[in-house]
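Working notes, beginning with the structure itself.
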There are 2 protein chains.
Amino acid sequence: MTLEHAILGFLYYIPLTGYDLKKAFDASVQHFWPADQSQIYRTLARLTEQGWVEVQVVQQENRPPRHVYSLTQAGREELRRWLTTELPPEEIRVPWLVQVFFSGQLSDEEILATFERVANQLRARLERAHRIPEDSTAYIEAIGSPRESFFWMLTLDYRIKVMEAELAWIEETIQRLQHKEQPPAEKQRS
Amino acid sequence: MTLEHAILGFLYYIPLTGYDLKKAFDASVQHFWPADQSQIYRTLARLTEQGWVEVQVVQQENRPPRHVYSLTQAGREELRRWLTTELPPEEIRVPWLVQVFFSGQLSDEEILATFERVANQLRARLERAHRIPEDSTAYIEAIGSPRESFFWMLTLDYRIKVMEAELAWIEETIQRLQHKEQPPAEKQRS
DNA sequence: TGCTATTATATGATTAGTCCTATATAATAT
DNA sequence: ATATTATATAGGACTAATCATATAATAGCA
């Protein structure tokens, strides 16, 4: 399970609470592995049962107590094992391609609108990706070494390059559709 | 829900059974929207309750009876509505990027092995994608018009182009790592 | 002769994840 | 003065999907 190991990954740097972990996810891996707050807490409970992490409860004045989780030796070994393991084939699910697949029954204008919507969503996502370094540089430097920062930045570079390729294809396809490369509808159903 | 609407999409062409639908999914949209057999049957039951499809049970000699589903008028309208609707932002989950993100603690050789594994999975997937047209041309032509085939082929073209971009980035990154662009590990933990 | 694949539908159990809500205090913003 | 945000944990309900299994006849293969 990826969330389990992502949590182990963060705890390898430094002990953290569920609350800290949620912020760490949002500031760094959210764009390719978002994590729900309640699921982080439930997963921490499971990791504790499994003996991969251990808790220390720290009381605070006028604040809820912090449950600080840290890696055990077994947790460090499990993390290492997972990091060097071949993962099951990636699951690809692209709902807008389902729209495209069945869009032959729509008018050319409606189909173009679909592609424009997808292009706009992608542009917004790309912009957000470009702003990630500014937003989390401090965070990254506080926790990671230069070597670790390098790989953090690699993941962002990958996502940006792939999204640029996606957007390029979509923009090219919009051109093709505007030049009416698609066969016309034959007869009306519905 | 995407599976619901993908089923409506197939039934728009022609009435089908759950068994037929499973084959249709596997031959066409599986590479961006795989569908589990049991989930198809459960979804058909739900679609019937909702009044978007209706069943006709056809008895056979020495075979289980076929439950043939066809679109109702409400189903046709729902499909059209969904095809022209903006979808919620796509969910991106890339487990191997989580490996890369936390791989600073591994040796350079181990990291290269990670990228090689991902590259090989992608190459296999690309090969399979290239074989899709041969495998399902007959299928596509039997059901769809030239206009519909055009959009079927568009979805495949998209996935191939994106996978090629992914593979290009990964191969480039392997080069960078072989030239030791990554900062070295500072001190050993664990 | 026995094994597997094909046709056809369906249920049970489980998993990974989302969304909503509860609780409680302090600080900040409008 | 009031509302929102930040800090901090956690449970309930639900959803989409997977995996395994059951049933039952026929056809093809080794």
Side-chain angles (χ1 to χ4, degrees), chain A residues 1-8 15-27 29-30 32-50 53 55-69 82 87-95 98 139, chain B residues 1-8 15-27 29-30 32-50 53 55-69 82 87-95 98 139:
Chain A
M1 231 211 68
T2 306
L3 182 65
E4 279 184 358
H5 294 94
I7 289 175
L8 296 181
L16 293 170
T17 67
Y19 188 79
D20 299 332
L21 278 164
K22 173 60 175 161
K23 288 199 291 180
F25 271 88
D26 288 350
V29 300
Q30 197 219 24
F32 58 88
W33 202 269
D36 182 78
Q37 176 263 118
S38 66
Q39 210 200 347
I40 289 174
Y41 282 98
R42 276 189 257 246
T43 304
L44 282 170
R46 199 173 347 121
L47 290 173
T48 309
E49 274 176 51
Q50 279 168 309
V53 303
V55 211
Q56 211 194 330
V57 180
V58 181
Q59 295 298 329
Q60 301 184 108
E61 7 58 72
N62 295 329
R63 284 273 148 78
R66 291 166 59 83
H67 295 209
V68 183
Y69 292 85
W82 184 80
L87 298 173
E90 201 180 322
E91 289 217 15
I92 286 114
R93 293 194 173 268
V94 189
V98 178
Y139 209 93
Chain B
M1 233 209 67
T2 306
L3 182 65
E4 278 184 0
H5 294 95
I7 289 175
L8 297 181
L16 294 170
T17 67
Y19 187 80
D20 299 331
L21 277 164
K22 173 60 176 160
K23 287 199 291 180
F25 271 88
D26 288 350
V29 299
Q30 197 218 24
F32 57 89
W33 203 269
D36 181 79
Q37 176 262 119
S38 67
Q39 210 199 347
I40 288 174
Y41 281 96
R42 277 190 256 249
T43 303
L44 282 170
R46 199 174 346 122
L47 290 172
T48 310
E49 275 176 52
Q50 278 168 312
V53 303
V55 210
Q56 210 193 331
V57 180
V58 181
Q59 296 297 331
Q60 301 184 108
E61 7 57 75
N62 294 330
R63 282 274 148 79
R66 291 167 56 83
H67 295 210
V68 182
Y69 291 86
W82 183 80
L87 299 173
E90 200 182 323
E91 290 216 13
I92 287 115
R93 293 194 173 265
V94 189
V98 179
Y139 210 94

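Please read these numbers as outputs of a predicted model, since none were measured by experiment. Lettering of chains follows the sequences in order, A, B, ..., and the numbering in each one begins at 1.
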Could you give the [atom1]-to-[atom2] distance, from [X] to [N], as a whole number of Å?
| X | N | atom1 | atom2 | answer |
| --- | --- | --- | --- | --- |
| B/D36 | C/dA16 | CG | P | 16 Å |
| B/I40 | C/dA10 | CD1 | P | 13 Å |
| A/Q37 | C/dA22 | CD | C1' | 12 Å |
| A/Q56 | D/dA8 | CD | P | 15 Å |
| B/L44 | D/dA17 | CG | P | 14 Å |
| B/D26 | C/dA5 | CG | P | 16 Å |
| A/Q59 | D/dT9 | CD | P | 11 Å |
| B/L21 | C/dA8 | CG | P | 13 Å |

Nearest to the side chain of [X], which nucleotide is it out of [options]?
| X | options | answer |
| --- | --- | --- |
| A/S38 | D/dT9, D/dC19, C/dC19 | C/dC19 |
| A/R66 | D/dA10, D/dA8, C/dG17 | D/dA8 |
| B/Y19 | C/dA10, D/dA17, C/dT6 | C/dT6 |

Side-chain donor/acceptor of [X] to backbone N/O of [Y], under 3.5 Å:
| X | Y | answer |
| --- | --- | --- |
| B/K22 | B/S38 | no |
| B/R93 | A/E90 | no |
| A/Y41 | A/Y19 | yes |

Inspect the surroundings of CD in B/Q50 and state if more than 12 heavy atoms from other residues, nucleotides or ligands are less than 6.0 Å away.
yes
Within the pair [X] and [N], is there a side-chain N or O less than 4.0 Å away from OP1 or OP2?
| X | N | answer |
| --- | --- | --- |
| A/K23 | D/dT7 | yes |
| A/Q60 | D/dA8 | yes |
| B/Y41 | C/dA10 | no |

With a 4.0 Å cut-off on heavy atoms, is A/T17 in touch with a base, just the backbone sugar-phosphate, or nothing at all?
sugar-phosphate
Heavy atoms only, 4.0 Å cut-off, all strands: where does A/R46 land among base, sugar-phosphate and nothing?
nothing
Judged by nearest nucleotide, the residue sitting upstream toward the 5' end of DNA chain C, A/P64 or A/R42, is A/R42
On DNA chain C, check which nucleotide each of A/R63 and A/Q39 is closest to and give me the residue with the more 5' one.
A/Q39
